[in-house]
Amino acid sequence: MVLADFYKIHGRRLSADGKHLLEISLNPNHSIFNGHFPDRPVTPGVCMLQIIKNISEDLLQSKLRMSAAKNIRFYAIIDPFVHPNLSLELAIKEADTIQIKANCSFDETIALKMELFFHRYTHSI
């Protein structure tokens, strides 16, 4: 998996309103930053999507398949050398689809917001 050793979870808790709050750190020495970009590392947005998916799968104890993404907004560059520690807030609602509203921030800066929709992955032969 390309995200092996890309991030670590340092803390997680459930807020009073049912949101999952996580503290993660990025590995600034990960090889993905060699190409994105040399001398100016930027955390790829697709990697943030994958982190959110991976964590959501862990929380829901189920493999997920993305069906839609809406309102994806990147507000700040996440430089892993400047801001390796991130806070994630995940609001998960389950119905016919699984809706995840995610916010990511560092310090007091909102880096991204997105709304993702998933189905539980079922594989049949």
Side-chain angles (χ1 to χ4, degrees):
M1 173 185 248
V2 78
L3 290 186
D5 299 321
F6 187 71
Y7 70 98
K8 289 183 183 177
I9 299 172
H10 295 284
R12 66 172 80 189
R13 64 184 176 88
L14 196 60
S15 69
D17 60 353
K19 293 178 183 171
H20 298 273
L21 307 174
L22 298 105
E23 300 299 323
I24 68 170
S25 64
L26 300 176
N27 174 4
N29 298 311
H30 194 276
S31 62
I32 208 158
F33 295 113
N34 293 339
H36 202 271
F37 298 96
D39 302 322
R40 179 71 170 125
V42 174
T43 304
V46 69
C47 291
M48 292 306 301
L49 278 147
Q50 188 65 45
I51 289 170
I52 291 165
K53 179 182 180 271
N54 290 355
I55 291 171
S56 298
E57 287 177 332
D58 184 49
L59 292 169
L60 296 169
Q61 293 295 292
S62 181
K63 290 290 184 187
L64 301 175
R65 180 178 48 86
M66 187 182 296
S67 58
K70 296 184 350 182
N71 303 319
I72 296 177
R73 303 283 188 262
F74 295 96
Y75 298 104
I77 292 173
I78 301 172
D79 180 329
F81 286 96
V82 178
H83 300 289
N85 300 313
L86 304 174
S87 298
L88 286 177
E89 178 183 283
L90 305 176
I92 301 173
K93 291 183 184 176
E94 292 188 69
D96 292 340
T97 61
I98 298 168
Q99 176 193 38
I100 300 171
K101 290 185 179 181
N103 295 320
C104 177
S105 61
F106 53 83
D107 300 330
E108 298 298 317
T109 302
I110 295 175
L112 66 89
K113 290 184 178 186
M114 59 183 69
E115 184 176 7
L116 308 171
F117 296 86
F118 295 92
H119 293 284
R120 290 184 189 275
Y121 181 76
T122 56
H123 179 67
S124 58
I125 298 174

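Counting from 1, the numbers follow the sequence of the chain as shown. Computed from heavy atoms alone, side chains included, the values below leave out hydrogens, waters and symmetry copies.
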Requested in this report: Using the rule that two of Ile, Leu, Val, Met, Phe, Trp, Tyr join whenever any of their side-chain heavy atoms come within less than 4.5 Å, decide whether F117 and L88 are in one cluster.
Outcome: no
Report task. Answer with yes or no whether the hydrophobic clustering places I77 together with I51; edges join I, L, V, M, F, W, Y residues whose side-chain heavy atoms lie under 4.5 Å apart. Result -> no
Requested in this report: Report yes if some heavy atom in the side chain of N29 is under 4.5 Å from a heavy atom in the side chain of F81; otherwise report no.
Outcome: yes
Query - Non-neighbouring partners of R65 that pass side-chain contact (heavy atoms from CB on, under 4.5 Å), sequence neighbours left out - result: H119, Y121
Query raised in the report: Roughly how far, to the nearest 0.5 Å, is CG of L60 from CD1 of I55?
Result: 12.0 Å
Query raised in the report: Does anything in residues 25-38 pair up under salt bridge (charged side-chain N to carboxylate O under 4.0 Å, His left out), and if so which pairs, sequence neighbours excluded?
Result: none
Query raised in the report: Is there a chain of hydrophobic side chains (I, L, V, M, F, W, Y, each step under 4.5 Å between heavy atoms) that links F74 to L90?
Result: yes
Report summary line: Sequence neighbours excluded, the answer for salt bridge (Lys or Arg N to Asp or Glu O under 4.0 Å) partners of K53 is E57
Requested in this report: Return the set of residues passing salt bridge (Lys or Arg N to Asp or Glu O under 4.0 Å) with E23 (not counting sequence neighbours), or none when no residue passes.
Outcome: none
Query raised in the report: Who pairs with A69 by side-chain contact (heavy atoms from CB on, under 4.5 Å), at least two apart in sequence or on another chain?
Result: M66, I72, L116
Query - Residues that S31 engages under side chain to side chain donor-acceptor pair (under 3.5 Å), provided they are two or more places apart - result: none
Side-chain donor-acceptor distances from residues 92-100 under 3.5 Å, at least two apart:
unit_1 : atom_1 : unit_2 : atom_2 : d
E94    : OE1    : R120   : NH2    : 2.4
Q99    : NE2    : E115   : OE2    : 2.5

Query raised in the report: Out of curiosity, Y7 OH to L86 CG, how far, rounded to the nearest 0.5 Å?
Result: 12.0 Å
Query raised in the report: Looking at A4 and H30, what are the two nearest heavy atoms and their distance?
Result: O-NE2, 3.0 Å
**Report entry** Between CD1 on residue I52 and NZ on residue K101, distance to nearest 0.5 Å
**Finding:** 14.0 Å
Query - Distance in Å, K113 NZ paired with C104 SG, rounded so as to fall on 0.5 Å steps - result: 12.0 Å
Query raised in the report: Which value, rounded to the nearest 0.5 Å, describes the distance between E89 atom CD and N103 atom CG?
Result: 5.0 Å
Which donor-acceptor pairs under 3.5 Å do the side chains of residues 33-49 make with protein atoms, sequence neighbours left out?
unit_1 : atom_1 : unit_2 : atom_2 : d
H36    : ND1    : V42    : O      : 2.8
R40    : NH1    : D79    : OD2    : 3.2
T43    : OG1    : I78    : O      : 2.9

Query - Heavy-atom pair with the smallest gap, counting every atom of L14 and G18 - result: CD1-O, 3.5 Å
Donor-acceptor contacts under 3.5 Å from residues 105-112 side chains, at least two apart:
unit_1 : atom_1 : unit_2 : atom_2 : d
D107   : OD2    : H83    : ND1    : 3.4

**Report entry** salt bridge (charged side-chain N to carboxylate O under 4.0 Å, His left out) pairs, two or more places apart, involving residues 3-15
**Finding:** R12-D58
Report summary line: With sequence neighbours left out, the residues meeting side-chain contact (heavy atoms from CB on, under 4.5 Å) with R73 are N71, Y75
